[in-house]
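Below is one structure, written out as structure tokens, with a few remarks after it.
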Amino acid sequence: MLSDIVIKCYTEALDDSSDIVIPQDDYGLYAIDILDPSYPPHVGRIDQSMDGLKEKLETAYKASGGRKVNLISHSMGGLLVSCFMSLHSDVFAKYVNKWITIATPFQGAPGCINDSLLTGLQFVEGLEGCLFVSRWSMHQLLVECPSIYEMLPNPEFKWKKQPEIVVWRNDSENGQDLVKRETYGTSGCVDLFIEALKDNEIEYNKKTIPLPFNHDIYKWAATTRKMLNSVQLPAGIDFYNIYGTSLDTPFDVCYGSETDPINDPSEICHTLPEYSYVDGDGTVPAESAMVVNFGAWTCYLGVLE
């Protein structure tokens, strides 16, 4: 039984007096992303991930006496398995008997991911939140996180309703002040990300580190998305897709209001969002997790909460 995906990473401390040590082997579990603005995280990431998974599959196959293995992936791991199938279909067919994936955002996670790029992520609310990484600090990490770009809503997918980002914004016309409601779809939201993050930066150790929207990661993630949209499951492999339902899951995101509009897009980064919700597991909409097109027999199992 091989669980989840094996990822290797590069890590560098910004503080010269501190060392960050990543274990080389911790039961097959590695950190997922490179969170250092000076290092291009997209370089070699897929190749290294795929090579690592190929080695693990071969090792498990040999250790089991030549029996095919059952592969289990979770969330982002399911997307990486899909990439592996696209790049190494023959290897996947040789070593894998069943693939079971859990809560995989095959079409993205619109509400949570769009907001993560714009305002960050708060794991714990209230006083307990002081013990965890702040929403602002998490935001700076996520702007450089490849997985976030890869889990943006799929613009090629036929959503029941296209996910949107809504911004209430001050404007003027013919010398009169107006409040406009602007909407950004799955493709147009990139323009908003660029505008909102153009002046994003952190100050550390008397150094200013710019953290704008990362075009390089986005282009690389778009290439990965094309791969995901065309992947096919090799014949003879059983596929089980387990996903969550019955929880309010963010879908559309709104910043500002008609009575309290945004003056400049950069203000969005310091604004708390308002969500509209759909059915899902609280992060991934059921519509995204349940819809795959591998051309193979599929077992769908909704996990009720």
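Residues: numbered from 1 along the sequence shown.
- For Asp177 and Asn170, the side-chain atoms include no donor-acceptor pair closer than 3.5 Å.
- Note on Glu195 versus Arg169: salt bridge recorded, some NZ/NE/NH1/NH2 to OD/OE distance being below 4.0 Å.
- A salt bridge links Lys161 to Asp252: one of the charged nitrogens lies within less than 4.0 Å of a carboxylate oxygen.
- A salt bridge links Asp171 with Lys180; the closest basic N to acidic carboxylate O contact falls under 4.0 Å.
- Below 30°, between 30° and 60°, or above 60°: for Phe106 and Trp99 the angle between ring planes is above 60°, a perpendicular geometry.
- Qualifying ring pair (Phe, Tyr, Trp, His ring centres under 6.0 Å) partners for Trp168, counting only residues two or more places apart in sequence or in other chains: none.
- Under the 3.5 Å distance criterion, with hydrogens and angles disregarded, a donor-acceptor pair is assigned to the side chains of Thr208 and Glu203.
- A donor-acceptor pair is defined here as one N or O able to donate and one able to accept, closer than 3.5 Å; no such pair exists between the side chain of Gln140 and the backbone of Leu211.
- Smallest separation of non-hydrogen atoms from Ser116 and Ile148: CB-CD1, 4.4 Å.
- When only modelled atom types and interatomic distance are considered, Asp281 and Thr283 share no side-chain donor-acceptor pair under 3.5 Å.
- The hydrophobic side chain of Leu178 is isolated, with no ILVMFWY side chain under 4.5 Å apart from it.
- Aromatic pair Tyr277/Phe251: centroids not less than 6.0 angstrom apart.
- Interatomic distance, Asp115 CG to Glu274 CD, rounded to the nearest 0.5 Å: 10.5 Å.
- Partners of Lys62 according to the side-chain hydrogen bond (donor to acceptor under 3.5 Å, both in side chains) rule, which considers only residues two or more places apart in sequence or in another chain, are Glu58.
- A distance below 6.0 Å separates the ring centres of His88 and Phe84.
- Closest heavy-atom contact between Val284 and Ala289: CG1-CB, 3.9 Å.
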Query raised in the report: Under the side chain to side chain contact (heavy atoms under 4.5 Å, CB included) criterion, do Met76 and Met151 qualify, and how do the steps go?
Result: CA-CA 8 Å; Met76 186 67 198; Met151 289 190 288; 3.9 Å; yes
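- For the residue pair Asp248 and Tyr275, no side-chain donor N or O sits within less than 3.5 Å of a side-chain acceptor on the partner.
- In terms of heavy atoms, Met138 sits closest to Leu121 at CB-O, 3.5 Å.
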